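We number each residue from 1, following the sequence as shown. For ligands, and for the atoms within them, numbers begin at 1 and follow the listed sequence. Note that this is a predicted model, so its numbers are computed, not measured.
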Amino acid sequence: MVETFYITTPIYYVNAKPHLGHAYTTIVGDVARRFKEMQGLDSFFLTGTDEHGDKIIRAARKENVSPRVYVDKISDMFRALWPELNIKYDRFIRTTDAEHIAVVEHVLQKIWDSGDIYFSEYEGMYCFGCERFYTERELVDGKCPDHEMAPETIKESNYFFKMSRYQDWLIDHIHKHPDFIRPERYRNEVLAFLREPLEDLCISRPKSRLKWGITLPFDKDYVTYVWFDALLNYVSALNYPDGELYHKYWSSVQHIVAKDILKPHGIYWPIMLKAAGIPLYKHLNVHGYWNVNHQKMSKTLGNVAEPLDLKNIYGLDVFRFFLMREMAFGLDSNFDEETLIQRNNSDLANDLGNLFKRVITMTHKYFKGVIPNLDTETEEELQQFDSGGLKSDAANAISAFESAMENFAFHKAISSIWELVSSMNKYIDLMAPWELAKKKSNRTQLATVIYDLLEGLRVVSGLLYPFMPESSLEMRKQLGMDAKHEFDTIDKLRTWKYMAPGTEIPKAATLFPRCEIKSFSDEADNAEETGETGVVPPLKPQIAIDEFARADLRVATVLTAEPVPRAKKLLKLEVDIGEKRTVVAGIAGSYTPDEIVGKQVIMVVNLKPVKLMGIMSEGMILAAVDDKKVLVSTIDKPIKSGTIVK
Ligand code: ME8
């Protein structure tokens, strides 16, 4: 049976748009998965969104939309981003999916039946930002360390999960499996935490306070705590308990998270699994935090979105490479445009790009662009010329790469590739093919040198595949290799003399151009001067015409408009689309009621109606939206209400 590999990212909260941190973790998942495929494993990669809880309700309220509309919108933004980053996932799970909800209910019931959940009154300090109770010793100067706000004291009857029962068992498990949580610093952090008595976990929220969640199967007046719901996505995505996917992949599961969510993953989750009788995960891989321009990422500093835009400026593979090369997995790292450019220019354009060009140019110059033929020579003769060095350098690089990748030490894996690049550059200087080319009698040796260099390049391009899939393919094409295959397996990379002599290779092209700084902050400054805000968001993936045609777009004439009480941004409109409709539109920031009445706008008329501020809204008016303005689409000249727009 083929060995399997199941890798997960956290499921991201939909209370804000995706940013660099989310992109990094998900790229790590993609890199790990592509590497395992190179090893011949059958892999499954899960990502998704976490959609219940207080945080989401508050974010939806802020936008004056229902939680459902809100979560759909943000979840779609995450889903649309991953293909743009060339991330190949197998499943995108949402905690509002019916199958997920059923699994959460199943597990809650199972743990309730086994007696690990009890009901009790509790008075404690609750941080609404974190959606959890805090103990005195967890607070810093009496405040929640994450939200820097004093928690509120609340008294409630709730359901508790008997985590304390499992404390000794968990400590023992971590000791027996030293790489259960890795890198080591995070394992130590969890063990340090477990040195203090572990408190039971409050796993319910009364519906009087929070309705947006999964109802407890054993008490309809409560929903479950968002973390209890969210963590179970890792099994529900595989259709636990009976699904084929679960049986196939669960035993090989590894999670990736950042240090912010170490505690739920390092403590709650293994205990939940144990209590539910589900085998534990193999590894929890924990990475550090990205800062941007040496500052914590923050919406108010406006440094959250821009890093993602750099992929459009410098190229996706350069962006992926930079993230994976720059962050030592486990430690914090800094993202800035200048360092990205330096990495591009030194590692990619200079070291790798030049090597590629040099070798391919020499192949054209000395062998008319054909991989030299070694067939006529005997092995002994070849051996005499073979430096031996390059072959063993490549073998060493592959071993170092593989072991670093196994340990999620991606920056080390990349360094091992660059060691090979540097050996190849040295090899060229040592063998001086241009000197060999001067004498006919050196022809066999020249052929061997060029052949070995081409083989070295094949190995380099193969090892780069998980990080830079597109560039790796481009390199394969430049080496005259079969472009039908996206990648070479590790076994193929280990097979020296794999390339077929006689194959023609194309003329050298520049793989990685050098870059000058094209600062996004400059662009942002210009935008501010011209009154525009933000950078243009990336384009969404293509859709087919029939997908677009499902939206029924009509000309709507605005008949009346009035403000919606208690909603600063909303106007209630009566429109004519051949019949009368009521629409609640978020345009009050840009139009007074008088300004909008009489306009002919474009409206989506077949959206499911939604209730906004108690008013049923029966359609959506198309508008151009940025951070400050919402400007409606109008029709150029008067036309009959209800006319089709296409
Ligand atoms: O915590 N640097 O969701 P979330 C690196 N829904 N990675 C970062 C980062 C940064 N500055 N900021 C965020 C949640 N991340 C829960 C998870 S899982 C069952 C539930 C990444 O949207 C990193 O992976 O706050 C971090 O762990 C995750 O986003 C937190 O995402």
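- Neither the backbone nor the side chain of Leu20 comes within 4.0 Å of ligand 1, counting heavy atoms alone.
- For the 3.5 Å distance criterion, the side chains of Tyr314 and Glu337 qualify, holding a donor opposite an acceptor.
- At a heavy-atom cutoff of 4.0 Å, ligand 1 is contacted by the side chain of Trp227 but not by its backbone.
- Between Asn233 and ligand 1, not a single N/O pair is under 3.5 Å apart.
- The ring-ring contact (aromatic ring centres under 6.0 Å, His included) test with Phe321 is passed by exactly one of Phe410, Tyr465, Trp418: Trp418.
- Proximity to Ala230 (heavy-atom distance under 4.0 Å) selects the following atoms of ligand 1: 19 (C).
- For the 3.5 Å distance criterion, the side chains of Asp242 and His247 fail to qualify, holding no donor opposite an acceptor.
- Distances between N or O atoms of Tyr13 and those of ligand 1 include at least one value under 3.5 Å.
- Atom 29 (O) of ligand 1 has as its closest protein heavy atom His22 CD2, 3.3 Å.
- Which of Ile93, Ile261, Leu262 comes nearest to atom 1 (O) of ligand 1 through a heavy atom is settled by distance: it is Ile261.
- Remark: distances from the non-hydrogen atoms of Lys259 to ligand 1 are all 4.0 Å or more.
- Using a 4.0 Å cutoff on heavy atoms, Gly288 counts as a contact of ligand 1.
- Taking every non-hydrogen atom of His287 and a distance limit under 4.0 Å, the qualifying atoms of ligand 1 come out as 5 (C), 7 (N), 24 (O).
- Looking at His411, His287, Glu326 one by one, the single match for side-chain contact (heavy atoms from CB on, under 4.5 Å) with Ser333 turns out to be Glu326.
- If you check the side chains of Glu199 and Gln167, you find no donor sitting under 3.5 Å from an acceptor.
- Close N/O approach between Asp50 and ligand 1 is found [any backbone or side-chain N/O within under 3.5 Å].
- Proximity of a side-chain donor or acceptor of Asp116 to a complementary backbone N or O of Ile111 within less than 3.5 Å is not detected.
- No heavy atom of Tyr24 sits closer than 4.0 Å to any atom of ligand 1.
- If you check which protein heavy atom lies closest to atom 31 (O) of ligand 1, you get Tyr12 CD2, 3.6 Å.
- Side-chain contact check for Leu323 versus Trp290: some heavy-atom pair is nearer than 4.5 Å.
- Looking at atom 17 (C) of ligand 1, its nearest protein heavy atom turns out to be Ile11 O, 3.2 Å.
- Because its NZ or CZ atom is not both nearer than 6.0 Å to the ring centre of Phe160 and within 45° of the ring axis, Arg165 does not count as a cation-pi partner of that residue.
- The single protein non-hydrogen atom nearest to atom 9 (C) of ligand 1 is Gly21 CA, 3.5 Å, given as residue, atom name and distance.
- Ring orientation note: the planes of Phe35 and Phe401 are nearly perpendicular, at an angle over 60° on the 30°/60° scale.
- Heavy-atom contacts of Thr25 reach the following atoms of ligand 1: 21 (C), 23 (C), 24 (O) (cutoff under 4.0 Å).
- Residues that satisfy the salt bridge (Lys or Arg N to Asp or Glu O under 4.0 Å) test with Asp168, not counting sequence neighbours, are absent from this structure.
- Under a cutoff of 6.0 Å and an axis angle of 45°, Lys36 and Phe5 form a cation-pi pair.
- Given atom 19 (C) of ligand 1, the protein heavy atom at minimum distance is Tyr234 OH, 3.5 Å.
- Against a heavy-atom cut-off of under 4.0 Å, Trp290 is close to the following atoms of ligand 1: 2 (N), 5 (C), 10 (C), 11 (N).
- Not a single heavy atom of Lys296 lies less than 4.0 angstrom from ligand 1.
- Of all protein heavy atoms, the one lying nearest to atom 11 (N) of ligand 1 is Met297 CE, 3.0 Å.
- Ring geometry, Phe92 versus Tyr89: the interplanar angle falls from 30° to 60°, so the pair is classed tilted.
- With contacts defined as side-chain heavy-atom distances shorter than 4.5 Å, the pair His106/Ile101 does not qualify.
- In this structure, atom 13 (C) of ligand 1 lies nearest to the protein heavy atom His19 CE1, 3.6 Å.
- Among the atoms of Pro10, none of the N or O lies under 3.5 angstrom from an N or O of ligand 1.
- Between His255 and Tyr281, the ring planes are perpendicular. Angles over 60° get that label, and only those under 30° would be called parallel.
- In summary, the atoms of ligand 1 found under 4.0 Å from a heavy atom of His265, numbered by their order in the structure, are 18 (S), 19 (C).
- Residue contacts with ligand 1, taken as heavy atom pairs separated by less than 4.0 Å, involve Asp260 solely via side-chain atoms from C-beta onward.
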